[in-house]
Undergrad: 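The structure follows.
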Amino acid sequence: MSGSVEKVAITEAAAVLVGELVAEHGPLLFHQSGGCCDGSSPMCYPRGEFLVSDADVLLGWVAGQPFYISVAQYAYWRHTHLTVDVVAGRGGGFSVEAPTGKRFLIRSRVFSDAEVAALGVGG
């Protein structure tokens with residue numbers, strides 16, 4: 001395994017929607033809290049309208065936008081690769097894609113043994 005292991009990715013369809021949203025709202029950020037209802041979907045906010053803190057982990061960048069996850073949720077998902085995708089439907093009430101008729105969602109897979117070793121997230 002070469003270099004670092006990607007923890008989060010984005011589908012082409014989701015990246016297109018992000019591009020449209022950036023054109024309308026400016027720079028964005030994603031946050032995955034792991035809460036119930038809307039909180040279990042990734043939320044997308046204009047940067048500066050959602051404050052990240054020491055209670056959040058930067059997983060990586062998708063379509064040029066940072067993707068954060070809460071520390072508590074990361075503890076559960078540290079063995080999991082996340083992919084931001086988009087489907088038809090209404091997004092979370094505070095997420096910027098809500099009025100578009102589309103919503104972001106997370107698709108996931110467990111990291112391979114080699115990826116886990118490279119990440120040092122065993123246990």
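Position 1 is the first residue of the sequence, and the numbers go up from there. Reckoned from all heavy atoms, side chains included, excluding hydrogens, waters and symmetry mates.
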Undergrad: Answer whether the closest heavy-atom distance between the side chains of V86 and R103 falls below 4.5 Å.
TA: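 They are not in side-chain contact.
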Undergrad: Of all residues at least two apart in sequence or in a different chain, which pass the side-chain contact (heavy atoms from CB on, under 4.5 Å) check with T11?
TA: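 Per chain and number, T11 pairs via side-chain contact (heavy atoms from CB on, under 4.5 Å) with A13, A14, T83, D85.
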Undergrad: Counting C-beta onward and ignoring hydrogens, is there a side-chain heavy-atom pair between V87 and K102 closer than 4.5 Å?
TA: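 Contact flag for V87/K102 side chains = no.
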Undergrad: Can a donor-acceptor pair be found, under 3.5 Å and without considering hydrogens, that links the side chain of S70 to the backbone of Q73?
TA: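 Indeed, once roles are kept as given, a pair shorter than 3.5 Å links the two residues.
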Undergrad: Give, for atom CG of D56 and atom NE2 of H31, the distance between the pair rounded to the nearest 0.5 Å.
TA: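 Answer rounded to 0.5 Å: 3.5 Å.
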Undergrad: Quick one: are Q32 and Y68 in side-chain contact, heavy atoms under 4.5 Å?
TA: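 Contact flag for Q32/Y68 side chains = no.
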Undergrad: Quickly, which of L59, I69, V57 forms a side chain to side chain contact (heavy atoms under 4.5 Å, CB included) with W77? Name it, please.
TA: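 It is I69; the other options fail the test.
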Undergrad: Any idea which heavy atoms bring L105 and P42 closest together, and the distance?
TA: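 Looks like CA-CD, 3.7 Å.
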Undergrad: Look at the rings of F30 and F104 and say which category their plane angle falls in: under 30° parallel, 30 to 60° tilted, over 60° perpendicular.
TA: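 Perpendicular.
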Undergrad: Are any of the side-chain heavy atoms of F94 and Y45 separated by less than 4.5 Å?
TA: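 Of all side-chain heavy-atom pairs linking Y45 with F94, at least one is under 4.5 Å.
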Undergrad: To the nearest 0.5 Å, how far apart are NE2 in H25 and CD in E20?
TA: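 CD of E20 is found 10.5 Å from NE2 of H25.
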Undergrad: Measure the shortest side-chain to side-chain distance between I106 and S41 over non-hydrogen atoms and say whether it is less than 4.5 angstrom.
TA: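 Not in contact.
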Undergrad: To the nearest 0.5 Å, how far apart are CG in L119 and CZ in R78?
TA: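 So the gap between those two atoms works out to 11.5 Å.
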Undergrad: Does any part of the side chain of R47, heavy atoms only, come nearer than 4.5 Å to the side chain of P66, both counted from C-beta?
TA: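 They are in contact (side-chain heavy atoms under 4.5 Å apart), so the answer is yes.
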Undergrad: Would you find a donor on one side and an acceptor on the other, under 3.5 Å apart, between the side chain of Q65 and the backbone of L28?
TA: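 Present.
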Undergrad: I'd like to check the side-chain contact (heavy atoms from CB on, under 4.5 Å) partners of R109; sequence neighbours left out, ordered by chain and number.
TA: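 Partners of R109 by the side-chain contact (heavy atoms from CB on, under 4.5 Å) criterion, ordered by chain and then number, come out as H81, F111, E115.
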